[in-house]
Amino acid sequence: MIPTVSVAEIAQYEGQEVKVHGWVTHKTGKGKLLFLRIREGSGFIQAVIFRPNVGDERFAKAKSLTQESSVILVGKVKKDQRAPGIPGGYEIDVSDIEVLQIAEPFPIAPKAHGVDFLLDQRHLWLRSRRQWAILRIRATVIREIRNWLDDNGFVLMDTPILTPSAAEGTTTLFETDFHGTPAYLTQSGQLYNEANIFVFGKVYCFGPTFRAEKSKTRRHLQEFWMVEPEIAFASLEDLLEIEEQFVSHVVQSVLQKHPQELELIERDVNKLESVVPPFPRISYDEAVRMLHAGGFPDFAWGGDFGAPHETYLTEQFDRPVFVHHFPTEAKAFYMEPEPERPEVCRSADLLAPEGYGEIIGGSERMSDPEKLLAAIRKHNLPEEAYDWYLDLRRYGSVPHGGFGLGVERTLAWICGLPHVRETIPYPRLLDRFYP
RNA sequence: UCCUCGGUAGCUCAAUUGGCAGAGCGGUCGGCUGUUAACCGAUUGGUUGUAGGUUCGAGUCCUACCCGAGGAGCCA
């Protein structure tokens, strides 16, 4: 019985006869010698077919294979430095071939293509090595997010995707129908997690988030994944320490587990190796002063940063940087104002280096019921919709805080990608949701 | 919603002042015993985004529209 093996573990089978099943990604050759490169799932491997070894019939069959044809190969595993692939260095000296299907001409050739074309072919584009590498790193990022939180006392709480809240601008929410009542796809599980901390202390939710904004930029998706930890009794200072440990763990784990993928996508890993605590902390006031001195003399205190501002600020540091104490007016209603200086709030964003911008937004939450009610009224929010939220401040209210980390922006930064559209298998962009 | 750029073969692009619509890749056929997006030879391939207009003649100029990209606004 010949074992069917995964390419990732091919080194264990050196000298043995094995079966490898997969898809043909490249075919080249030289007369009686034919080279196939096979994508198997766990990796890529070269197969060598030599006509005198396999006979004319099998050789002709191999020669008829087209890009993306599906095959089962039988052959001996040989070590050879010349063999390309991932992990590479090994090849299959083929003795027999079973052709499952000769693929029709594949639209995506091994060459440069335009974005429009590739996004229309996303279901096929995923088969390219680059997408394979990015999405494997994505899986690790998600796993390490969970691992770190699970290992540090956080309890997973799944918050609803269908929500009743018509709260603020419904224009940014996707509306759907809940048996005759308008319902909205979630923008955040935070408010629910503020309830959950009273049971578990430290919780997180992790799921898809939906934004119907007409945003058409390299860092916006209509549907993206966000992890939102929420912690009872946490101050802003506690949050920042948690965040820098958390983000560093994710980055260092990717470095450790995916050197080959990072090399394939040509990521400069030096820029990730420096991502260790502590991260620099600057106040919003300091950030504004830096902008004024750094070529943005007109930036007015009180506004949110635009993309060029974030890029400038992050270029001043070799690791992510916290900007804390944003103007209260510019932030959400539930953020706790600084007691001595209520025009700023106990909030902090984490900006990723190299111009990748905000990957975390977080804050201490208002814990006083009177102040929270006043804030809801000041923002013209429907009081009745927040009745349950105010309950949380009536029954054993405690200081608490939390943050949300966007998976795709984080992954775009870790992988050094110019656009978030490659960080999720099927991106939902403005006016584009096929396939 | 606004600004800028773009749409020509399956893909990536070229086409001079308005004057015969082309190349590379891919596909097909043939050749080659170490290829790495191989190479060599042959061959296949077109409603120039859509509709209208100007002109002897439009890929090229004009008008409207459609689609896409980058950015802005927006983005608890």
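Each chain gets a letter, A, B and so on, in the order the sequences are listed, and its residues count up from 1. Computed from a prediction, not measured in an experiment: that's the story for all the values here.
In this structure, R393(A) does not pair ionically with D368(A), as no charged nitrogen and carboxylate oxygen lie closer than 4.0 Å. A salt bridge links E329(A) with K378(A): at least one charged nitrogen is closer than 4.0 Å to a carboxylate oxygen. Using a 4.0 Å cut-off between charged side-chain N and carboxylate O, D80(A) and R82(A) make a salt bridge. Remark: K63(A) does not engage D56(A) in a salt bridge, criterion side-chain N to carboxylate O under 4.0 Å. Ion pairing of E230(A) with K202(A) is absent here, as no side-chain N (NZ or NE/NH1/NH2) approaches a carboxylate O to less than 4.0 Å. Remark: E408(A) does not engage R219(A) in a salt bridge, criterion side-chain N to carboxylate O under 4.0 Å. Salt bridge present: R127(A) and E68(A) bring a charged side-chain N and a carboxylate O closer than 4.0 Å. The pair E261(A)-R136(A) counts as a salt bridge, with a side-chain nitrogen and a carboxylate oxygen less than 4.0 angstrom apart. Ion pairing between R281(A) and E241(A) fails under the 4.0 Å rule for side-chain N and carboxylate O.
At the heavy-atom level, R211(A) lies under 4.0 Å from the strands shown only through sugar-phosphate atoms. At the heavy-atom level, G404(A) lies nowhere under 4.0 Å from the strands shown. Heavy atoms of D80(A) sit under 4.0 angstrom from at least one base atom. At the heavy-atom level, F117(A) lies under 4.0 Å from the strands shown only through sugar-phosphate atoms.
Distance check on atom C1': U60(B) versus A15(B) gives 9 Å, rounded to whole Å. Atom C1' of G19(B) sits at a distance of 41 Å from the matching atom of A38(B), rounded to the whole Å. Separation of the P atoms belonging to U1(B) and U16(B) is 35 Å when rounded to the nearest angstrom. To the nearest whole angstrom, the two C1' atoms, one in G27(B) and one in C66(B), are 31 Å apart. Between G6(B) and C13(B), the distance separating the two C1' atoms is 13 Å to the nearest Å. Rounded to whole Å, the P atom of G31(B) lies 47 Å from the corresponding atom of U17(B). A gap of 24 Å separates the P atoms of C65(B) and A58(B), to the nearest Å. The gap from the C1' atom of U47(B) to that of A9(B) amounts to 13 Å, rounded to the nearest Å.
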Filtered N/O pairs between nucleotides 23-28 of chain B and protein, under 3.5 Å:
from	atom 1	to	atom 2	distance (Å)
G24(B)	N2	K111(A)	NZ	2.6

Between protein and nucleic acid, restricted to nucleotides 66-69 of chain B and to nitrogen or oxygen atoms under 3.5 Å apart, what atom pairs and distances do you find?
from	atom 1	to	atom 2	distance (Å)
G68(B)	OP1	D431(A)	O	3.3
G68(B)	O3'	R432(A)	NH2	3.2
A69(B)	N7	K216(A)	NZ	3.3

Short N/O separations, protein against nucleotides 29-32 of chain B, under 3.5 angstrom:
from	atom 1	to	atom 2	distance (Å)
C32(B)	N1	G31(A)	N	3.4
C32(B)	N3	G31(A)	N	3.2

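In this structure, CD of E213(A) is placed 11 Å from C1' of A76(B), rounded to the nearest angstrom. Taking atom CD on E104(A) and atom C1' on C11(B), their separation rounds to 17 Å, with Å as the unit. We find that CG of D349(A) is positioned 14 Å from P of C75(B), with the value rounded to whole Å. Between the P atom of U35(B) and the CG atom of D93(A) lies a distance of 17 Å, rounded to the nearest Å. Note: CG (L36(A)) to C1' (U36(B)) measures 13 Å, nearest angstrom. A38(B) atom P lies 14 Å from atom CG of L33(A), rounded to whole Å. For I45(A) and U36(B), the CD1 to P distance is 19 Å, given to the nearest whole Å.
In this structure, Y356(A) and V420(A) have side chains that are not in contact, with every pair of non-hydrogen atoms separated by 4.5 Å or more. Side-chain atoms of L351(A) and F322(A), non-hydrogen and from C-beta on, never get closer than 4.5 Å to each other.
Between the side chain of Q46(A) and the base of U35(B) there is at least one donor-acceptor pair of N/O atoms closer than 3.5 Å. Checked by distance alone, E91(A) brings a side-chain donor or acceptor within 3.5 Å of a matching partner on the base of G34(B).
Comparing A38(B), C75(B), U33(B) against the side chain of R409(A) picks out C75(B) as the nearest. When distances run from any side-chain atom of R37(A) to the nucleotides U36(B), U1(B), A76(B), the shortest one goes to U36(B). For H220(A), counting side-chain heavy atoms from C-beta on, the closest listed nucleotide (C75(B), U36(B), A76(B)) is C75(B). In this structure, of C74(B), A38(B), A76(B), it is A76(B) that holds the atom nearest to the side chain of Q187(A). With distances taken from any side-chain atom of T28(A) to the nucleotides A76(B), A38(B), U1(B), the minimum falls on A38(B).
Checked against the 6.0 Å centroid criterion, the rings of F206(A) and F154(A) do not qualify as a close aromatic pair. Aromatic pair W23(A)/F106(A): centroids not less than 6.0 angstrom apart.
The residue among A330(A) and K78(A) whose nearest nucleotide of RNA chain B is located toward the 5' end is K78(A). Sequence order on RNA chain B of the closest nucleotides to R129(A) and V48(A) puts V48(A) first from the 5' end.
Atom CZ of F117(A) sits in a crowded spot, with more than 12 heavy atoms from other residues, nucleotides or ligands closer than 6.0 Å. Summarising the local packing, NZ of K19(A) is surrounded by 12 or fewer heavy atoms from other residues, nucleotides or ligands at distances under 6.0 Å.
Sorted by first and then second residue, the ring pair (Phe, Tyr, Trp, His ring centres under 6.0 Å) pairs involving residues 292-311 of chain A (not counting sequence neighbours) are Y284(A)-W301(A), Y284(A)-F305(A), F296(A)-H309(A), F296(A)-Y312(A), F299(A)-F305(A), F299(A)-H309(A), F305(A)-F326(A).
For G10(B), the OP1/OP2 oxygens have no side-chain nitrogen or oxygen of H113(A) closer than 4.0 Å.
Partners of Y204(A) according to the ring-ring contact (aromatic ring centres under 6.0 Å, His included) rule, which considers only residues two or more places apart in sequence or in another chain, do not exist here.
With pairs defined as Watson-Crick or G-U wobble and both atom distances under 3.5 Å, the stems of at least three pairs that touch RNA chain B come out as B:1-7 with B:66-72, B:10-13 with B:22-25, B:26-31 with B:39-44, B:49-53 with B:61-65.
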